[in-house]
2 protein chains.
Amino acid sequence: MRFSHQREVIKEILYATNSHPTADWVFSKVRMSIPSISLGTVYRNLKQLDYLGVIKTIYDGPITRYDWNNEPHDHFKCKKCGALVDVALSDSSIKENIKDKFNFKVDDVEITLIGTCNKHLKINK
Amino acid sequence: MRFSHQREVIKEILYATNSHPTADWVFSKVRMSIPSISLGTVYRNLKQLDYLGVIKTIYDGPITRYDWNNEPHDHFKCKKCGALVDVALSDSSIKENIKDKFNFKVDDVEITLIGTCNKHLKINK
DNA sequence: ATATTAATAGTAATAATTCCTATTACTATT
DNA sequence: AATAGTAATAGGAATTATTACTATTAATAT
């Protein structure tokens, strides 16, 4: 795969946010520095970056998002505001336990916590 | 909400399969008994059945599927054939453990196992 | 039985994503 | 440095999934 300025910019934009943006959001951002870029190029490169393991595609219900954080981690989804936040299950043995419970060959365990984020709580812990 | 023959048939079709069908699959099935039904009716009723808690909408990557099994359970996704299979994490304390680990108010823990299903193994356990 | 009005069929509209093709621009080789 | 080969892009058309709109149909209360 040869060098592409567009792909570099898309990658930089993703790595500069924790907000798990959609393709459209990335598109509007890249346009600021490359006004001529097309949405197809954004989609194509996001797919390639995912294929390269540089980013990770995440499916937030029916919404497709992109995450620079390609380390194994999980997500917390807020029912109220829709925010999707990275979380780390400190005890990774949880996943190993789950893996062992099945006859299937389990490579990965994806966990999403659903709830309400601190923003909506009157009193924080 | 008043009675609708269409909704009843949609419900029966869902309850007769374990395959987590898409709206389109349901549409093609209902057509066999109600040829005049429209796709919009299928979508509307699937949404209502979900709202009533009679079925559950599940997001399998970018694909929206419907599941009659509204009991808490999780899924196994096969990388090879794309099959999505219901699984029960027998030890429900796993989820409680996870809930306790976070400051957020966690209502639910969704777990998806990713791997290869038995169909593709030369020798089964 | 009839009136009321929610639900439907059929179609148009929207949104997200992929596909297609002529043009552009990397890169290896002179 | 110029050129040839070809991968990547821009722009737009096409596709797919889903929702919205509206005239008609049918469930239910009276």
Side-chain angles (χ1 to χ4, degrees), chain A residues 1-14 17 19-68 75 77 82-84, chain B residues 1-14 17 19-68 75 77 82-84:
Chain A
M1 187 178 302
R2 70 190 195 192
F3 176 85
S4 137
H5 176 56
Q6 284 81 344
R7 185 160 55 241
E8 284 306 301
V9 174
I10 289 168
K11 180 175 152 186
E12 279 165 23
I13 285 171
L14 265 173
T17 182
S19 69
H20 308 99
T22 61
D24 213 58
W25 186 93
V26 174
F27 180 49
S28 71
K29 277 280 177 186
V30 197
R31 274 184 134 166
M32 292 174 184
S33 51
I34 314 174
S36 67
I37 199 167
S38 75
L39 185 54
T41 299
V42 172
Y43 274 106
R44 184 167 8 84
N45 282 302
L46 286 171
K47 190 171 281 184
Q48 284 177 351
L49 290 170
D50 180 289
Y51 177 76
L52 295 171
V54 173
I55 65 170
K56 205 166 161 3
T57 304
I58 53 184
Y59 300 100
D60 173 18
I63 301 163
T64 303
R65 300 182 178 282
Y66 300 90
D67 191 348
W68 61 266
H75 294 104
K77 169 79 177 176
L84 194 73
Chain B
M1 186 179 300
R2 70 192 195 189
F3 175 86
S4 135
H5 176 55
Q6 283 81 346
R7 186 159 53 242
E8 284 306 301
V9 174
I10 288 167
K11 181 175 151 185
E12 279 164 26
I13 285 171
L14 265 172
T17 182
S19 70
H20 308 100
T22 61
D24 213 59
W25 186 93
V26 174
F27 179 50
S28 73
K29 277 281 177 185
V30 198
R31 275 185 134 166
M32 293 173 184
S33 52
I34 314 175
S36 66
I37 199 167
S38 76
L39 185 52
T41 299
V42 172
Y43 274 107
R44 184 166 9 85
N45 282 303
L46 286 171
K47 189 170 280 183
Q48 284 176 351
L49 289 169
D50 181 289
Y51 176 75
L52 294 171
V54 173
I55 66 169
K56 205 165 162 4
T57 304
I58 54 185
Y59 300 100
D60 173 18
I63 302 163
T64 303
R65 299 181 179 282
Y66 301 90
D67 190 349
W68 61 268
H75 294 104
K77 169 80 177 177
L84 194 73

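Both backbone and side-chain heavy atoms feed into the values below; hydrogens, waters and symmetry mates do not. Numbered from 1 within each chain, the chains take letters A, B, ... in sequence-line order.
For A:S38 and D:dT9, the shortest distance from a side-chain N or O to OP1 or OP2 is not below 4.0 Å.
Rounding to whole angstrom units, CG of residue A:N45 and C1' of D:dA8 are separated by 8 Å. Between the CE atom of B:M1 and the P atom of D:dT28 there is a distance of 12 Å, given to the nearest Å. Rounded to an integer number of Å, the gap from A:L39 CG to D:dA10 P is 11 Å. Distance A:Q6 CD to D:dG11 P: 11 Å, rounded to the nearest Å.
Once you apply a 4.0 Å limit to the heavy atoms of chain A, the touched nucleotides of DNA chain C run 5' to 3' over C:dA16 to C:dT27.
Judged by distance alone, the side chains of A:R44 and A:T41 do bring a donor and an acceptor atom under 3.5 Å apart.
If you check C:dT29 for Watson-Crick or wobble pairing at under 3.5 angstrom, you find it paired to D:dA2. Both distances falling under 3.5 Å, in either a Watson-Crick or a G-U wobble arrangement, place C:dT18 opposite D:dA13. Across all strands shown, the partner of D:dA8 is C:dT23, judged by Watson-Crick or G-U wobble contacts whose two distances both fall under 3.5 Å.
Two residues are said to be in side-chain contact when any heavy atoms from C-beta on lie closer than 4.5 Å; A:Y66 and A:I58 fail this criterion.
Looking at B:I34, B:V54, B:L46 one by one, the single match for side-chain contact (heavy atoms from CB on, under 4.5 Å) with B:I10 turns out to be B:L46.
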